[in-house]
Amino acid sequence: MSTGFLSTRRSGYPSSVCARARARVNLGSTSTVTPHDERIFLCQGKRPRSQEHRIQLRVYKAPEEPNIQVNALGIPVDSKEPEEVATCVGRNGYPIPQVIWYKNGRPLKEEKNRVHIQSSQTVESSGLYTLQSILKAQLVKEDKDAQFYCELNYRLPSGNHMKESREVTVPVFYPTEKVWLEVEPVGMLKEGDRVEIRCLADGNPPPHFSISKQNPSTREAEEETTNDNGVLVLEPAQKEHSGLYECQGLDLDTMISLPSEPQELLVNYVSDVRVSPAAPERQEGSSLTLICEAESSQDLEFQWLREETGQVLERGPVLQLHDLKREAGGGYRCVASVPSIPGLNRTQLVNVAVFGPPWMAFKERKVWVKENMMLNLSCEASGHPRPTISWNVNGTASEQDQDPQRVLSTLNVLVTPELLETGVECTASNDLGKNTSVLFLELGEGCIPAGDGRGRPRHGQ
């Protein structure tokens, strides 16, 4: 809504008469006042030779919030003349507001061949003004992040006021001067990592990129295959991916190609671990030396673990075992690791065989059964050479290797009165002897599963 304001131009009548005149004009027009109502009113008394009293009606209307539209197509820095940056529109103000343009908070002024501000106004049917201002400028590369906005200045009876638009950034196009490589993740890489190699440039728009790797044999650069985003993905990374990489940035307008500085990529690795002897066999009471070897791009640490317990037996590549007992048979694992790169390691398992007759997991065991039920009985033995297991009753038997020196046999059998009376025997034998376990069958409410009661071999059995 427009605001009307009355001011006295000439005084001749008493103030009370002027006040009444001002009140009558004001009350008659407050709801419909427009810029068309701006005029001078005459007030004259009825007395002879009375003087005129002139009253000026001034109309004020604050403009709407300024609307700013940026040039979304962008501006090249090599333009020969100022290009349009943005347009500012302030609607429905009176009197005509004034516009000021800002860049990074500083007001802009006309500058020959650098800054040009073109403003125009339109009178609406209401008599109010709509102001349009176009900012043109020659921009440089450093203006790529510049913030532009416009400010409308206008007057009201209460004084001078202003309204600001939002800030905008115009795309700035400038040629590429430098191309470089970026590798993720940052830091030391290891085999198995997902590695991304991408090209970057300081130009806008960026050039067309290609990535090449130097062939270690010919020392010629060979282009690598990238994904749709121009990124070379190495997954999983392997030591063969190590080498010298380079980016090429091709400007499609000038067809000028810019290379990056070559960058060395190192994928750290640990080779397959080798243990000697690979399949050791020893007599009880003898000694054994196990040697672990591996190669790596970094310094290695070795340690030996007992496979069954995870216990660390030795830190170093050599494990010495003295006065071997049957219990020393089984798995030993060598771990070669790079302490400076967590997660980079390789392992190798070796099984030590100690010659001896079969060793039973148990001598005897009681199993609760029901008559006429089908029952799975199990028997476990270890020894070197690997033992075989036989049963003294008919049934369906199967064997399963637990490790190179340990075997588990399972017998599926029908519980009969004869079995309840005699029990069941399993016998393990190899070239060095044999051993027997006895399973006693007892009638009961429940039965023990075939695997229940099995454990690791007991010493001395």
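Positions are given from 1 along the sequence. Remember, predicted model here, so these are calculated numbers, not experimental data.
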Run Y129 and Y94 through ring-ring contact (aromatic ring centres under 6.0 Å, His included) and show every step you take. CA-CA 6 Å; Y129 289 102; Y94 194 88; 5.6 Å; yes
Quick check with a 6.0 Å cut-off and a 45 degree axis cone: is R326 positioned over the face of W359's six-membered ring? yes
For a 4.5 angstrom cut-off between non-hydrogen side-chain atoms, does Q238 reach H241? yes
Which heavy atom in I211 sits nearest to a heavy atom in R198, and how many Å separate them? CD1-CA, 4.5 Å
Smallest heavy-atom separation, P277 atom then V350 atom, equals O-CG2, 3.9 Å
Applying side-chain contact (heavy atoms from CB on, under 4.5 Å) to R219 and Q214, what does each step give before you reach the verdict? CA-CA 5 Å; R219 309 193 71 81; Q214 186 184 80; 3.8 Å; yes
Among residues two or more places apart or on two chains, list those pairs meeting ring pair (Phe, Tyr, Trp, His ring centres under 6.0 Å) that have a residue in residues 197-240. none
Heavy-atom donor-acceptor pair, S276 side chain to A278 backbone, under 3.5 Å: no
Is it the case that the side chain of R114 and the backbone of P82 share a donor-acceptor pair, with hydrogens and angles ignored and the cut-off at 3.5 Å? no
Test: R194 and E196 ion pair at under 4.0 Å: yes
Pairs where residues 384-420 contributes a residue and the test ring pair (Phe, Tyr, Trp, His ring centres under 6.0 Å) is met, not counting sequence neighbours: F355-H384
Who are the side-chain contact (heavy atoms from CB on, under 4.5 Å) partners of T225, not counting sequence neighbours? none
Is it the case that over 12 heavy atoms from other parts of the model lie below 6.0 angstrom from the CG atom of D323? yes
